[in-house]
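Comments concern the structure below.
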Amino acid sequence: MRAENSAIQSPSIAVAQPVGTLRATPARSTAAGPEAAGGPGSRPAPGPSAGRSGTVLAGLGVVAFSLTFPATAWGLESFGPWSLVALRSVLAALIAGSVLLAARVPLPDRRHWAGLAVVGGGVVVGFPLLTTLALQTSTTSHAAVVVGLLPLTTAVLGSLRTGERPSRTFWTAALAGAAVVIAFTVQQSGGALASGDLYLFGALLVCAAGYTEGGRLARSMPGWHVIGWALVLCLPLAVAGSLVALPLEPVHLNAHGVLGLVWVAAGSTFLGLYVWYRGMAEIGVARASQLQLAQPLLTLVWSFLLLGEEMSAAAPVAAVAVLVCIAATQRAGRGAARESRRIRS
């Protein structure tokens with residue numbers, strides 16, 4: 001992958017050394033760009049251990065995301081859809097802003113703000129709003145499997161935006177997973193798309209754009225800085241939305257509603273996206289995105305355990321089928337990474 005290749009440095013650059021030592025390798029640092037030059041946000045050379053840690057981090061993000069739909073369903077017991085999304089963003093932004101302030105994190109470079117706006121519009125505002133509206137008419141299990149198209153959408157946008165070039169085996173497995181999801185959606189809807197599905201497909205596009213841009217930014221700044229500043233950037237809009245929505249939508253507080261709100265704000269939006277972007281920075285957008293093929297199955301389990309939803313026979317079959325595709329995409333990704341390291345050595 002082009003961005004990962006550019007981050008390769010000699011071991012001496014991976015540890016703190018005098019400035020003179022860094023200047024001893026001008027050809028590498030100049031060709032690789034600012035991230036390989038030892039500046040802020042630079043990362044050590046990726047290897048097998050980095051790939052494993054990146055996979056674990058991205059996997060933890062998927063686990064956090066898998067609870068989003070059940071938590072949203074709980075939140076809708078207490079809040080209207082617009083109020084829930086606005087309050088979710090406000091709470092997450094307050095958490096992120098407090099952490100950034102406590103850590104005395106400087107403002108991002110001007111060149112990063114456009115990317116942060118895409119992240120905010122995609123994963124902070126667009127995806128939560130569209131999926132919350134969809135869950136008013138769709139079950140969480142149905143919505144979870146439809147969102148199983150997100151990995152393919154993210155991989156395509158990531159390839160276009162970052163220059164990653166996954167193998168043919170990778171694309172074959174990714175397309176197979178997408179085909180399973182489409183077949184499930186058509187079967188569940190009786191051959192016609194419902195209004196909830198239109199919301200979900202819109203959510204796929206905006207979320208994939210946010211994931212792709214966030215994964216790119218996480219190569220030059222820590223993942224929690226990416227989501228933190230994106231949340232802070234959206235805070236004025238979230239506060240305005242709360243002030244408008246809360247008087248118009250009834251609020252009926254209960255334990256489920258409060259827990260749901262807290263999780264989608266702190267768990268899904270802040271902590272989940274932190275580990276997700278950090279994992280994407282280590283193993284690449286395309287490979288990390290395919291881990292989300294496991295998200296539908298996990299959400300089906302949570303929906304059954306937490307919400308008592310009944311699952312159709314097709315839902316678990318579709319979810320298990322995409323798990324097979326995960327194994328293929330990750331194997332293809334590891335093989336490509338090993339070949340890339342072999343060529344460089």
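Everything numeric here is computed off the predicted structure, so don't read it as measured data.
One hydrophobic cluster, built from ILVMFWY side chains closer than 4.5 Å, holds both V258 and V251. Taking hydrophobic clusters as Ile, Leu, Val, Met, Phe, Trp and Tyr residues chained together by side-chain heavy-atom distances below 4.5 Å, L271 does not share a cluster with L101. Clustering ILVMFWY residues whenever any of their side-chain heavy atoms sit less than 4.5 angstrom apart, transitively, puts L243 in a cluster other than the one holding L84. Placement of L259 and L135 within a single hydrophobic cluster is found when ILVMFWY residues are connected by side-chain heavy-atom separations under 4.5 Å, directly or transitively. Put simply, L307 and L261 are part of the same group of oily side chains (I, L, V, M, F, W, Y) that touch within less than 4.5 Å, one to the next.
Across V206 and F127, no two heavy atoms sit closer than the pair CG2-N, 3.7 Å. Nearest heavy atoms, P81 versus Q136: CG-OE1, 3.5 Å. W224 and V105 make their closest contact through CH2-CG2, 3.5 Å (heavy atoms, listed as atom of the first residue, atom of the second, distance). Across all non-hydrogen atoms, the minimal contact from P70 to T299 is CD-CG2, 4.0 Å. Counting all heavy atoms, side chain and backbone alike, A58 lies closest to A288 at CB-CB, 4.2 Å. Considering every non-hydrogen atom in both E282 and G54, the closest pair reads OE1-N, 3.0 Å.
No side-chain heavy atom of L298 sits under 4.5 Å from any side-chain heavy atom of F65. With a 4.5 Å cut-off on side-chain heavy atoms, L130 and F201 do not count as touching. At least one side-chain heavy atom of V119 sits under 4.5 Å from a side-chain heavy atom of Y277. In this structure the side chain of L150 reaches within 4.5 angstrom of the side chain of Y211, judged on heavy atoms. Between W171 and V156, the closest side-chain pair of non-hydrogen atoms falls below 4.5 Å.
E249 and S83 form a side-chain donor-acceptor contact under 3.5 Å, judged by distance and modelled atom types alone.
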- Would W82 and L129 count as a side-chain contact (heavy atoms from CB on, under 4.5 Å) if you check the C-alpha gap in whole Å, the side-chain angles of each, and the deciding distance to 0.1 Å? CA-CA 7 Å; W82 295 89; L129 177 60; 3.6 Å; yes

- Task: Please lay out, stage by stage, how V85 and V264 fare under the test side-chain contact (heavy atoms from CB on, under 4.5 Å).
- Result: CA-CA 9 Å; V85 172; V264 294; over 6 Å; no

- Item | Trace of the side-chain contact (heavy atoms from CB on, under 4.5 Å) decision for L87 with L246 | CA-CA 9 Å; L87 289 173; L246 283 173; 4.0 Å; yes

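The line from CD1 of I227 to CG of L231 is 4.0 Å long, rounded to the nearest 0.5 Å. Interatomic distance, Q295 CD to F69 CZ, rounded to the nearest 0.5 Å: 7.0 Å. Interatomic distance, CE of M280 versus OG1 of T154, reported as 6.5 Å (0.5 Å rounding). In this structure, the separation between NE2 on H112 and CE on M221 is 4.0 Å, given to the nearest 0.5 Å. Atom CG in L291 sits 6.0 Å away from atom CH2 in W276 (nearest 0.5 Å). Note that the CD1 atom of I283 and the CG atom of L57 stand 9.0 Å from one another [nearest 0.5 Å].
In this structure a side-chain-to-backbone donor-acceptor pair under 3.5 Å is present from S78 to N254. Judged by distance alone, the side chain of S138 and the main-chain N or O of A143 form no donor-acceptor pair under 3.5 Å. Remark: side-chain polar atoms of T131 are paired, donor with acceptor, to backbone N or O of P128 under 3.5 angstrom. With hydrogens and angles ignored, the 3.5 Å screen pairs no side-chain donor or acceptor of T269 with any backbone N or O of A266.
W74 and H256 have parallel rings, their planes meeting at less than 30° on a 0 to 90° scale where 60° marks the start of perpendicular.
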